[in-house]
Amino acid sequence: MNYQVDEKGYYGRFGGAYIPEILHRCVEDLQKNYLKVLESDSFKQEYQTLLRDYAGRPSPLYFAKRLSGKYGCRIYLKREDLNHTGAHKINNTIGQILVARSMEKTRIIAETGAGQHGVATATTCALMDMPCAVYMGKTDMERQQPNVEKMRMLGATVVPVLSGNMTLKDATNEAIRDWCCHPSDTFYIIGSTVGPHPYPDMVARLQSVISEEIKWQLEAKEDRNYPDYLVACVGGGSNAAGTVYHYLDDERVKIVLAEAGGEGLLSGRSAATIQLGKEGILHGARTLVMQNEDGQIEEPYSISAGLDYPGVGPMHANLSETKRATALPVDDGEAIAAAFELTQLEGIIPALESAHALGALPKLSFKPEDLVVLTVSGRGDKDMETYLKHFNS
Ligand SMILES: *Cc1c(COP(=O)(O)O)cnc(C)c1O
């Protein structure tokens, strides 16, 4: 079994590049060039230097003693929350902006929902002195005001999107429209393992530094370079893809993907796309999509803005279809409880997204010798308002 992308951009039935005619050249250009760039010595050197000196890598692999005691196994946390800008997203934006520059693009666009990818993109654009436009739904701009202010301070233009529900899906559509109008000079930095081929593969490779580090860090601490379980949360799937990348073909390692259950699978307010989605095309890829019988996208819901996406990466759709990965829905309340638990046991306030990965722990049964690596994709500063609501009630 091979869980990697094939030459045509498919993971099993999922993936591909379903794009408007006007973007064919751009996407084809990227398909032809991305591997050449990613594998070149000059890219590798600059990417690795920036990850180390700018983003702060390697991120620690921390043995969580009290959390381990609670769940009766050995749990390590991969601390992506300690990266510059507070999450794993910077690994991807640094990589893509270097790809953009080597393809002689002079302008960057991006979409953002919660604003995290927008901030990571605006950050790297400031670093590289590139003009940057970030598309963001008006509803999200109101909900995520501090991130809008950060992007503006970093020099990006935040473009309010007024179509549809004025959230992430609409912002993505608008960014694609911009790309269609400026195909020659503009590079579209996508924030997760979604979109037309080669984006899911490119983003997975750029995040694969996470599992590359887990390998040598585990070897140093445990004398074996693989865990029994890998656990990560899934919105579009980029932190999970990075966490599992170098273990995909190692069947000794069980993969657990935590999805946002929202208010419950049957509540009509959920973002558990792997459980609830049906096969369809979303943002240029064939994947699992939350849709009604007429193929209209259903608005997802999660307490966590970063998991609130109606699709999932084609890699993850295939991993669950082939049963290589187990997808577990974790609902809002379970995620909140898990965030307070980690805070009280380890003194680490996780992002709400990462709290969903932690919320999967009580749903698994471990043996005492089991080694578990769980990725804390981001820090909780941005979620304090939500946490405090539950703290005081
Ligand atoms: C954006 C985000 C996610 C979800 O995105 P993936 O592509 O699924 O990783 C998860 N955690 C944090 C902290 C995020 O900012």
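Values below: all heavy atoms of this structure, side chains included; hydrogens, waters and symmetry mates excluded. Just so we're clear, the structure is a prediction, and the values are computed from it rather than from any experiment. Nothing fancy with the numbering, it's 1 onward along the sequence.
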* Asked: Taking the six-membered ring of Tyr76, is the NZ or CZ of Arg74 close enough (under 6.0 Å from the centre) and on axis enough (within 45°)?
  -> no

* Asked: What distance do Gln96 atom CD and Leu206 atom CG have between them, rounded to the nearest 0.5 Å?
  -> 6.5 Å

* **Val209 reachable from Ile97 in the ILVMFWY side-chain graph, under 4.5 Å edges** => yes

* Hey, could you give me the OG1/CE distance between Thr186 and Met130, rounded to the nearest 0.5 Å? => 10.0 Å

* Should the heavy atoms of other residues, nucleotides or ligands under 6.0 Å from CG of Asp129 be counted, would the total exceed 12? -> no

* **Residues Lys138, Glu142: salt bridge by 4.0 Å N-O rule** => yes

* Carboxylate-amine/guanidinium proximity below 4.0 Å for Lys278 and Glu298 -> no

* Around Asp185, counting heavy atoms of other residues, nucleotides and ligands shown, do more than 12 lie under 6.0 Å from its CG? -> yes

* side-chain hydrogen bond (donor to acceptor under 3.5 Å, both in side chains) between Gln116 and Asn147: does it pass, once the steps are laid out? -> CA-CA 7 Å; Gln116 296 301 105; Asn147 277 340; 2.8 Å; yes

* **Crowding at CD, Glu369 (>12 non-hydrogen neighbours, <6.0 Å)** => yes

* Quick check: does any side chain N or O of Ser192 sit under 3.5 Å from a backbone N or O of Val194, one acting as donor and the other as acceptor? -> no

* Ignoring hydrogens and geometry, is there a side-chain-to-backbone donor-acceptor pair from His117 to Ile189 under 3.5 Å? -> yes

* Do we get Arg205 above Tyr245's six-membered ring, with its NZ or CZ under 6.0 Å from the centre and within 45° of the axis? -> no

* Structure fact -> Value for CD1 (Ile281) from OH (Tyr18), rounded to nearest 0.5 Å, stands at 4.5 Å

* N-O pairing of Glu346 and Arg66 below 4.0 Å -> no

* **CG (Asn292) with more than 12 external heavy atoms under 6.0 Å** => yes

* Within 6.0 angstrom of Arg25 CZ, more than 12 heavy atoms from elsewhere -> no

* Would you please indicate if the ring centroids of Tyr199 and Tyr34 are separated by under 6.0 Å? => no

* Asked: Counting only heavy atoms not in Lys150, do more than 12 sit closer than 6.0 Å to its NZ atom?
  -> no

* Does Lys215 make a cation-pi contact with Tyr247 (under 6.0 Å, within 45 degrees of the axis)? -> yes

* Asked: Is it true that Arg177 and Glu174 make a salt bridge, defined as a side-chain N closer than 4.0 Å to a carboxylate O?
  -> yes

* To do: Please answer whether the main-chain N or O of Ile190 pairs with a side-chain N or O of Asn92 as donor and acceptor at a distance below 3.5 Å.
  => yes

* Indicate if Met166 and Val158 have the same hydrophobic cluster label, given that clusters are the connected sets of ILVMFWY residues with side-chain heavy-atom separations under 4.5 angstrom. => no

* Asked: Checking Thr124 side chain against Ala120 main chain: does a donor-acceptor pair fall under 3.5 Å?
  -> yes

* Asked: Can a donor-acceptor pair be found between the side chains of Thr375 and Thr243 at a distance below 3.5 Å?
  -> yes

* Nearest 0.5 Å please: distance from the CZ atom of Arg79 over to the CZ atom of Arg379. => 9.5 Å

* Asked: Does the separation of the ring centres of Phe43 and Tyr47 fall below 6.0 angstrom?
  -> yes

* Asked: Do Arg252 and Tyr226 come within less than 4.5 Å of each other through their side chains, counting heavy atoms only?
  -> yes

* Does Glu299 use its side chain to pair, donor to acceptor, with the backbone of Pro310 at less than 3.5 Å? -> no

* **Residues Arg57 and Glu80 bridged, charged N to O under 4.0 Å** => yes

* Would you tell me whether Thr121 and Thr93 have side-chain atoms, one donor and one acceptor, within less than 3.5 Å of each other? => no

* Structure fact -> Rounded to the nearest 0.5 angstrom, the NZ-CG distance for Lys78 and Asp81 is 10.5 Å

* Quick one: pull up NE2 in His356 and CD1 in Ile336 and give me the separation to the nearest 0.5 Å. => 8.5 Å

